[in-house]
Amino acid sequence: DAESHWCYDIQAMNPQYSCQGPDHWGGDCQKSHQSPIDIITNKTRLDHSLGDFSFSGYDKKQRRTVQNNGHSVMVSLESGVEINGGGLATHYRATQLHLHWSEKVDKGSEHSLDGQHFAMEMHIVHEKEMSLKEENPKDKIAVLAFLVEEGNELNEGFWPLVEALDLVPKPNMSTTMEPSSIMDLLPKKEKLRHYFRYQGSLTTPNCDETVVWTVFKEHIQLHKDQILAFSQKLYYDKERSMRMTDNVRPLQDLGDRLVYTS
Ligand SMILES: Nc1nc(-c2ccc(Cl)c(S(N)(=O)=O)c2)cs1
Ligand SMILES: [Zn+2]
């Protein structure tokens, strides 16, 4: 096709692929308030307005659609799943959650903390209720980011998602997960009061600079076998010639931005 599709470095490096790696992504991807970033924790600023989040619909057990969209595995979230508080301007409606990962347990997260990457990163994407007259505000999207590290116990809450991976190996395949709640995937609620906050972008094209980011300090623990399932069961292509792994955008410059902490 005229303008080849966007992809990650691991795909662009493969001669079989003619796709545009991160250095060639278009849209706003080459601008200066991009994501992900390395968060240098001792340079973050305490912001007392960063209060607790209130989550609604997060504990609702639901059968949800899981799909392989060629870049990640994505769970569609229905209306009624919302967040409020957390220093956000208003309430936001969840639309989807997806993950980024590697088979190397220290290279799969998009954000890093003091230069350290983690095994995976889960993003819960929310959109602000938009009144028509508002142009593209910088906080149109709120993403809740959870770093995932290898733990030695199986994470029971993740089984419905991990088991669904077998059914969506190729792009554009989708299935329905066994009933599960978003809360099942997260660290304990009382641990979610500590987080970092900064202004950035989507980490996938067109990299719109309309995302208010929340990176939680408490990590999700997943067993190694559950982490490896993502790279072992999913493929970037329908020929299943390339496993889906390292779907991680390189770190972007913080530039003139500050990172705040609750
Ligand atoms: N086709 C795809 N879109 C995404 C996506 C969409 C919206 C958002 Cl906000 C993000 S991210 N990584 O910035 O959270 C990713 C992934 S794969
Ligand atoms: Zn993401």
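Counting starts at 1 for both ligands and their atoms, in listed order.
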Among Ile124, Asn69, Val143, Val248, whose heavy atom sits nearest atom 9 (Cl) of ligand 1? Val143
Looking only at non-hydrogen atoms, the one of Glu110, Arg249, Gln96, His123 nearest atom 14 (O) of ligand 1 is His123
Could you name all protein N, O or S atoms found under 2.8 Å from the Zn ion (ligand 2)? His98 NE2, His100 NE2, His123 ND1
Heavy atoms of His123 and Glu121 approach each other most closely as NE2-OE2, 2.7 Å
State the atoms of ligand 1, each with its element, that fall below the 4.0 Å cut-off from a heavy-atom position in His100. 12 (N)
Residue Trp213 vicinity, atoms of ligand 1 by number, heavy atom under 4.0 Å: 13 (O), 14 (O)
Atoms of ligand 1 less than 4.0 Å from His71 heavy atoms? 1 (N), 17 (S)
Donor-acceptor pair, distance only, cut-off 3.5 Å: does the side chain of Ser72 make one with the backbone of Leu99? yes
Determine whether the aromatic ring centres of residues His117 and His100 are separated by less than 6.0 angstrom. no
Numbered atoms and elements of ligand 1 in range of His98, under 4.0 angstrom, heavy atoms: 10 (C), 11 (S), 12 (N), 14 (O), 15 (C)
When you measure from the side chain of His223 to the backbone N and O of Asp225, does any donor-acceptor pair fall under 3.5 Å? yes
Say whether Thr203, considering both its backbone and side-chain N or O atoms, lies within less than 3.5 Å of an N or O atom on ligand 1. yes
Please tell me if the side chains of Leu186 and Ile124 come closer than 4.5 Å, counting only heavy atoms from C-beta onward. yes
Top protein contact for atom 16 (C) of ligand 1, by heavy-atom distance: Thr204 CG2, 3.8 Å
Modelled atom types, side-chain donor and acceptor of Tyr198 and Ser35, under 3.5 Å: yes
Counting only heavy atoms, which portion of Met74 has something under 4.0 Å from ligand 1: side chain, backbone, both, or neither? neither
Any luck finding a side-chain donor-acceptor pair between Asp59 and Ser181 under 3.5 Å? no
Can a side-chain donor-acceptor contact be found between His219 and Gln221 if the only test is distance below 3.5 angstrom? no
Among all protein heavy atoms, pick the one closest to atom 8 (C) of ligand 1 and tell me residue, atom and distance. Leu202 CG, 3.8 Å
With a 6.0 Å cut-off on ring centres, are Phe53 and Tyr195 close enough? yes
Given side chains that start at C-beta, do those of Ser201 and Asp28 come closer than 4.5 Å, heavy atoms only? no
Knowing that exactly one of Gln252, Arg257, Arg249 qualifies, which makes a side-chain hydrogen bond (donor to acceptor under 3.5 Å, both in side chains) with Gln34? Arg249
